[in-house]
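Since the structure comes first, as structure tokens, the remarks are kept for the end.
Along the sequence shown, the residues carry numbers beginning at 1.
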Amino acid sequence: MKRPARVPSQISESLHRHLNAYALAAGAAGVSVLALGQFAEAKVVYTPAHKRLPINKNFYLDLNHDGINDFQLLLASSNRTSGFTRALSVRWTTKTQTQNQIYSALSGGVLCAAALPEGKRVGPSRGFNNRLNAAGMFRVFSNPDCTSYWKYGPWLNVKGQAYLGVRFAIKGKVHYGWARIGHISPNKPVKALLTGYAYETIPNKAIIAGKTSGPDVVVEPATLGHLAAGSSGQPHKIVSRP
């Protein structure tokens, strides 16, 4: 017995639109889940930046974008009757951040924040000093008639850019990271430019200064407003790039 030919069923235009919308939503959800999975598996999270440090104002750095400022940078410049001072320094943001440390080096007999080259391993080492909760990067000062002039700091010798090595805590566990700073000038007007930063998502694991690509790296898009805005109780603002 011959079966009757099947007649394609017709669906209403309204139902068709609903099915299409469902398919698009499911696809978007799948992409989001995939992206989250890739982020969760990442070992290094890198955030590009292009931010000139303000003068005589704290600049807060939230390395992992959790709303907690991990470090603060201060680019200072002053002219007084006692002479002039120009300096760049880094420190913890609060006294309770005892796990936060700065990779250090001696300069002029003073323990300072080291200016690390690209490719330097930043991890458990003697380079971190648990007594160093604040460190100069460079300092230049003189008396009024310039008969006495003194300067020190590893960042005075940086040509181009260098890396600030740091360790900090995420939920009580130690993580390592770096911040890239360049275009440094100790002359008036004093200048310094933050060009990116990164951290290792695995606790107690070293990170390579300057590594911004590879299968274990996720780039936090600048359009998310994470260009070193820090946590100020206000929503992150997008910093436009010149």
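Of all heavy-atom pairs spanning Lys51 and Phe59, the tightest one is CG-CE1, 3.5 Å. Taking each heavy atom of Tyr163 and Pro117 in turn, the nearest pair found is CD1-C, 3.9 Å. Scanning both residues, Pro154 and Cys112, for their nearest heavy atoms gives CD-CB, 3.5 Å. Considering every non-hydrogen atom in both Val122 and Ala209, the closest pair reads CG2-CB, 4.4 Å. The shortest non-hydrogen separation linking Leu53 to Leu88 is CD1-CD1, 3.8 Å.
Residues Leu164 and Ile102 meet the side-chain proximity criterion, which asks for heavy atoms closer than 4.5 Å. Residues Asn64 and Asp70 are in side-chain contact: their nearest non-hydrogen atoms beyond the backbone lie under 4.5 Å apart. Contact of the Leu194 side chain with the Leu61 side chain is registered, since non-hydrogen atoms from C-beta on lie closer than 4.5 Å. The closest side-chain heavy-atom distance from Leu111 to Leu106 is below 4.5 Å. Side-chain contact between Thr47 and Tyr199 is absent, with no heavy atoms from C-beta onward closer than 4.5 Å. Residues Ser125 and Tyr103 form a side-chain contact, since some pair of their non-hydrogen atoms from C-beta on lies under 4.5 Å apart. Residues Phe138 and Lys151 form no side-chain contact, since every pair of their non-hydrogen atoms from C-beta on lies 4.5 Å or further apart. Counting heavy atoms from C-beta on, the side chains of Arg139 and Val110 never come closer than 4.5 Å.
The structure places CG of Leu63 at 13.5 Å from CZ of Arg167, a figure rounded to the nearest 0.5 Å. Taken to the nearest 0.5 Å, the CE atom of Met137 stands 10.5 Å off from the CG atom of Leu156. Between the NZ atom of Lys188 and the CZ atom of Arg86 there is a distance of 6.5 Å, given to the nearest 0.5 Å. Lys205 contributes atom NZ, which lies 5.5 Å from atom NZ of Lys43 (distance to the nearest 0.5 angstrom). Residue Phe141 holds its CZ atom at 7.0 Å from OG1 of Thr85, rounded to the nearest 0.5 Å. Here the straight-line distance linking atom OG1 of Thr212 with atom OH of Tyr197 works out to 14.5 Å at 0.5 Å rounding.
Leu193 is not connected to Leu75 by any chain of hydrophobic side-chain contacts under 4.5 Å among Ile, Leu, Val, Met, Phe, Trp and Tyr, and they are in different clusters. Phe128 and Ile207 fall within the same hydrophobic cluster, where Ile, Leu, Val, Met, Phe, Trp and Tyr residues are linked whenever their side-chain heavy atoms come under 4.5 Å apart, directly or through other members. When the side chains of ILVMFWY residues are joined at heavy-atom separations under 4.5 Å, either directly or via intervening members, Phe84 and Ile184 end up in a single hydrophobic cluster. Cluster membership check: Phe168 shares its hydrophobic cluster with Trp92, using side-chain heavy-atom separations under 4.5 Å among Ile, Leu, Val, Met, Phe, Trp and Tyr. Under a hydrophobic clustering in which Ile, Leu, Val, Met, Phe, Trp and Tyr are joined whenever their side-chain heavy atoms come within less than 4.5 Å, directly or via other members, Leu73 and Ile55 fall into the same cluster.
Salt bridge status for Asp216 with Lys211: present, with a side-chain N to carboxylate O gap under 4.0 Å.
Between the Ser77 side chain and the Val190 main chain, no donor and acceptor come within less than 3.5 Å of each other. Proximity of a side-chain donor or acceptor of Ser104 to a complementary backbone N or O of Gly127 within less than 3.5 Å is detected. No side-chain donor-acceptor contact under 3.5 Å links Trp155 to the backbone of Ala162. Side chain of Gln97 to backbone of Asn69: a donor-acceptor contact under 3.5 angstrom is found.
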Do any side-chain atoms of residues 172-182 form donor-acceptor pairs under 3.5 angstrom with protein atoms, and if so which ones, sequence neighbours left out?
from: His175; atom 1: ND1; to: Glu200; atom 2: O; distance (Å): 2.8
from: Trp178; atom 1: NE1; to: Ile208; atom 2: O; distance (Å): 3.2
from: Arg180; atom 1: NE; to: Thr195; atom 2: OG1; distance (Å): 2.7
from: Arg180; atom 1: NH2; to: Tyr46; atom 2: OH; distance (Å): 2.8
from: Arg180; atom 1: NH2; to: Thr195; atom 2: O; distance (Å): 2.7

